[in-house]
Protein chains: 2
Amino acid sequence: MRETGNAAIQAPAAKVAPATAGARPYHHGDLSRALVAAGRRILESEGPSALSLRAVAREAGVSPAAPYHHFKDKSELLDAVAEEGWHELGAAIATGRAAAANPRAALTEIGVAYVSFARKNPALYRLMYHAACDREMMPDHAKTQDSGWGHVAEALVEAGADPTNEREMQLAQIAAWCNAHGVAEMAGFKEFEPLKEAMGGEEAFVRGLLNHVGIFARPRALLD
Amino acid sequence: MRETGNAAIQAPAAKVAPATAGARPYHHGDLSRALVAAGRRILESEGPSALSLRAVAREAGVSPAAPYHHFKDKSELLDAVAEEGWHELGAAIATGRAAAANPRAALTEIGVAYVSFARKNPALYRLMYHAACDREMMPDHAKTQDSGWGHVAEALVEAGADPTNEREMQLAQIAAWCNAHGVAEMAGFKEFEPLKEAMGGEEAFVRGLLNHVGIFARPRALLD
DNA sequence: AGATCATCTTGACGCCGTTCACATAGGTGA
DNA sequence: TCACCTATGTGAACGGCGTCAAGATGATCT
């Protein structure tokens, strides 16, 4: 019939094609993945307004109706693109955290990595959050163990937070996310350019902002 | 020809109609305002996906092409709706600030008022920020003296910040905005419901978040 | 009154998301 | 081997969208 869940995983069903062979081995071979990739290419090169289902199908070289055999509708395709983004954001956060000199610095680096990802993939980031806000919840993926969400909690504990104080832990975790999200969406505003340059570049600006805003540098209710 | 700027101000041009007379005095009378109002009604009652130019025209009782005599294109109409939102947000912030017992509390109340407005008008708030992010800058309106932006700066100074430390002032102001924005967009997520209830309602939750996140409760680089 | 000009309508264009009937081709079991 | 089944593709069509050009309408100015 039709794939219902994650489009990136073909399940143990009948192996249909070598996935990345030359030209077009099967009917298409691996349309799901091709469509998601095409969607992301269009998003990056031509912006969100150009991201139509038909354009994605064109980019993948299939008819406008073909995607409907792999995704219920357009928003499900966009969800798959967004999911790829959440996955990469999680990886970026893990990398940032690992690069920190000490547990306390890890929190800061998580924030910087988060904002950095969002600033490097603005259209993708906005798509990710758009999807999340529409359903008024974080994507399931963001809550798995190895996600950004999980890393924040772990980093908080390693920095000395009391994991038994559940309420404060939750508040701090959410606050961190709000914090990073706010900075991520506003750091690109043009009126801040002069200040950015005066501070020696965007990263310094972002660090200043995160520091001012607090949680990444000093989660005081937990650590003070 | 065609109105170029603010659609809400009819300028000193020829008075065309009594503005709010019965039925339809002139060709329409005051289509600009009617269209903005219709747009907002649709946004609130049927959501952003239903907010098409044609639907707005229908709601206002005119043909699909009529709006083009008042707005360059759809996005200019949406900008006008958003501008109304920024105006109201500014007023809400002013009210919150005025209700505070002391200068320090004023900062907190500004944050609470901001988030409260966003939570009460989620679709409008998202439209407002969407427009801002698209052009990568705050709307001009948000930067005028009596806007939310201005109130934050004033409140910071009244709370004891040093207005001559320009860089820190700017950083704090931006941080406050990031802060409020992040909380505003995430406070509605469903996975936080249990915590919200445990804390005695959404306002307490928001205050906790703003407090954790820092700037509204303790802009330390400036005040400590 | 006649000219003028902003305003509104009609009709059209191309693009969109989506659906449906049909075509095609790999895999399966007789 | 071959008929069948199912997954996957195409083509044509629908209504809705944003937008524009040409024409109708009616208030205002001289």
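These figures come from a predicted structure and were not determined experimentally. Sequence lines set the chain letters: A, B, ... in the order given, protein chains first and strands last, and positions in each chain run from 1.
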Round to the nearest Å and state the distance from B:Glu76 atom CD to D:dT19 atom P. 11 Å
All N/O contacts under 3.5 Å from nucleotides 16-18 of chain D to the protein, with atom names and distances to one decimal?
unit_1	atom_1	unit_2	atom_2	d
D:dC17	OP1	B:Ser52	OG	3.1
D:dC17	OP2	B:Arg58	NH1	3.4
D:dG18	OP1	B:Leu53	N	2.8
D:dG18	OP1	B:Lys74	NZ	3.1
D:dG18	OP2	B:Leu53	N	3.0
D:dG18	OP2	B:Arg54	N	3.0
D:dG18	N7	B:Arg54	NH1	2.4
D:dG18	O6	B:Arg54	NH1	3.0

Considering only D:dG9, C:dT10, C:dC20, which nucleotide approaches the side chain of B:Ala65 most closely? C:dT10
Rounding to a whole Å, what distance do you find between B:Leu77:CG and D:dT19:P? 10 Å
Could you pull out the closest heavy-atom pair between B:Val206 and B:Ala187, with the gap in Å? CG2-CB, 4.3 Å
Could you tell me the separation between the NZ atom of A:Lys72 and the P atom of D:dT8, rounded to a whole number of Å? 18 Å
Report the distance from atom CG of B:Leu31 to atom C1' of C:dT9, rounded to the nearest whole Å. 12 Å
Quick one: closest heavy-atom pair of A:Val36 and A:Val81, and the distance? O-CG2, 3.9 Å
Rounded distance (Å) that lies between atom C1' of D:dC20 and atom CZ of B:Phe71: 18 Å
Would you check, one step at a time, whether the test side-chain contact (heavy atoms from CB on, under 4.5 Å) holds for A:Phe189 with B:Ile174? CA-CA 10 Å; A:Phe189 282 16; B:Ile174 299 170; over 6 Å; no
May I ask you to verify if any side-chain N or O of B:His70 is less than 4.0 angstrom from the OP1 or OP2 atom of C:dC8? yes
For A:Arg126 and A:Glu185, work out which heavy atoms get closest and say how close. NH1-OE2, 3.4 Å
What side-chain donor-acceptor pairs closer than 3.5 Å can you find for residues 92-99 of chain B, not counting sequence neighbours?
unit_1	atom_1	unit_2	atom_2	d
B:Thr95	OG1	B:Ala91	O	3.0
B:Arg97	NH1	B:His151	ND1	2.8
B:Arg97	NH1	B:Glu154	OE1	2.9
B:Arg97	NH2	B:Glu154	OE1	3.4
B:Arg97	NH2	B:Glu158	OE2	3.0

Please identify each residue that fulfils side-chain hydrogen bond (donor to acceptor under 3.5 Å, both in side chains) with B:Ser116, with sequence neighbours left out. B:Lys120
